[in-house]
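Since the structure comes first, as structure tokens, the remarks are kept for the end.
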Amino acid sequence: MIITSIAKWGNSQGIRLPKEVLEQVNLKHKDKLSVVINGEEIILKKIVETNENRLKKLFENYTAGDYICKEIECTPAVGKEVF
């Protein structure tokens, strides 16, 4: 068991995690964490950025508004295309 304490950090409070803890869970400077509260427990989980996560984040507040998708034809068929 590792014991740490809460310390003042500007106008906030924070905890410092020992190097050994960070190495065990492969956390580095500027890694992002999710914080889950479960009763009196605080659970920290590393957020792994994937292309899917980035794409979801880019479009999380996107609304189509009054846009209506419609098909347009740019060029005449040149082969056996089926539309």
Side-chain angles (χ1 to χ4, degrees):
M1 176 183 348
I2 297 171
I3 298 175
T4 189
S5 60
I6 298 173
K8 188 156 179 64
W9 191 346
N11 289 330
S12 301
Q13 296 179 34
I15 60 169
R16 289 185 182 254
L17 300 173
K19 181 179 178 181
E20 305 83 51
V21 171
L22 298 175
E23 288 174 348
Q24 284 180 27
V25 292
N26 193 29
L27 284 172
K28 295 178 224 52
H29 178 69
K30 293 195 176 183
D31 279 348
K32 294 182 181 181
L33 303 172
S34 68
V35 179
V36 177
I37 308 299
N38 183 13
E40 291 188 0
E41 294 179 326
I42 300 171
I43 302 166
L44 304 174
K45 293 184 181 181
K46 181 177 180 177
I47 296 174
V48 179
E49 287 285 330
T50 63
N51 288 339
E52 183 180 344
N53 289 348
R54 287 186 202 108
L55 190 60
K56 283 181 182 179
K57 187 174 182 181
L58 282 172
F59 286 93
E60 67 187 355
N61 295 318
Y62 175 76
T63 58
D66 59 356
Y67 175 76
I68 299 172
C69 181
K70 60 182 177 179
E71 187 175 322
I72 60 170
E73 193 166 322
C74 298
T75 59
V78 293
K80 295 182 180 179
E81 294 94 342
V82 176
F83 294 98

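Residues take their numbers from the sequence shown, with the count starting at 1.
- Under the 4.5 Å side-chain heavy-atom criterion for grouping Ile, Leu, Val, Met, Phe, Trp and Tyr, Val48 is not connected to Val25 through any hydrophobic cluster.
- For the side chain to side chain contact (heavy atoms under 4.5 Å, CB included) test, residues two or more places apart in sequence or in another chain that qualify with Leu33 are Leu27, Leu44, Lys46.
- With rounding to the nearest 0.5 angstrom, the NZ atom of Lys19 is 13.0 Å from the CD atom of Gln24.
- The ring-ring contact (aromatic ring centres under 6.0 Å, His included) contacts involving residues 36-59 comprise Phe59-Tyr62, where partners must be two or more places apart or lie in separate chains.
- Legend: residues meeting side chain to side chain contact (heavy atoms under 4.5 Å, CB included) with Ile6, ordered by chain and number and at least two apart, are Gln13, Ile15.
- Crowding of Lys8 atom NZ: a count of heavy atoms from other residues, nucleotides or ligands under 6.0 Å exceeding 12.
- The ring-ring contact (aromatic ring centres under 6.0 Å, His included) contacts involving residues 16-42 comprise nothing, where partners must be two or more places apart or lie in separate chains.
- Members clustered with Val36: Ile43, by chain and number, using a 4.5 Å side-chain heavy-atom cutoff among hydrophobic residues.
- Applying the salt bridge (Lys or Arg N to Asp or Glu O under 4.0 Å) test to pairs two or more places apart or on separate chains, those with a residue in residues 55-67 are Glu52-Lys56.
- Every residue two or more places apart in sequence or in another chain that forms a side chain to side chain contact (heavy atoms under 4.5 Å, CB included) with Ile47 is listed here: Lys32, Ser34, Glu49.
- Lys45 is linked by a salt bridge (charged side-chain N to carboxylate O under 4.0 Å, His left out) to nothing, counting only residues two or more places apart in sequence or in another chain.
- Counting side-chain heavy-atom gaps under 4.5 Å among Ile, Leu, Val, Met, Phe, Trp and Tyr, the cluster of Ile3 also holds Met1.
- Thr4 places a side-chain N or O within 3.5 Å of a backbone atom of Arg16 that can act as its donor or acceptor partner.
- Residues satisfying the side chain to side chain contact (heavy atoms under 4.5 Å, CB included) criterion with Leu58, sequence neighbours excluded, are absent altogether.
- More than 12 heavy atoms of other shown residues, nucleotides or ligands fall within 6.0 angstrom of atom CD1 in Ile2.
- Asn38 meets the side chain to side chain donor-acceptor pair (under 3.5 Å) test with Glu41; sequence neighbours excluded.
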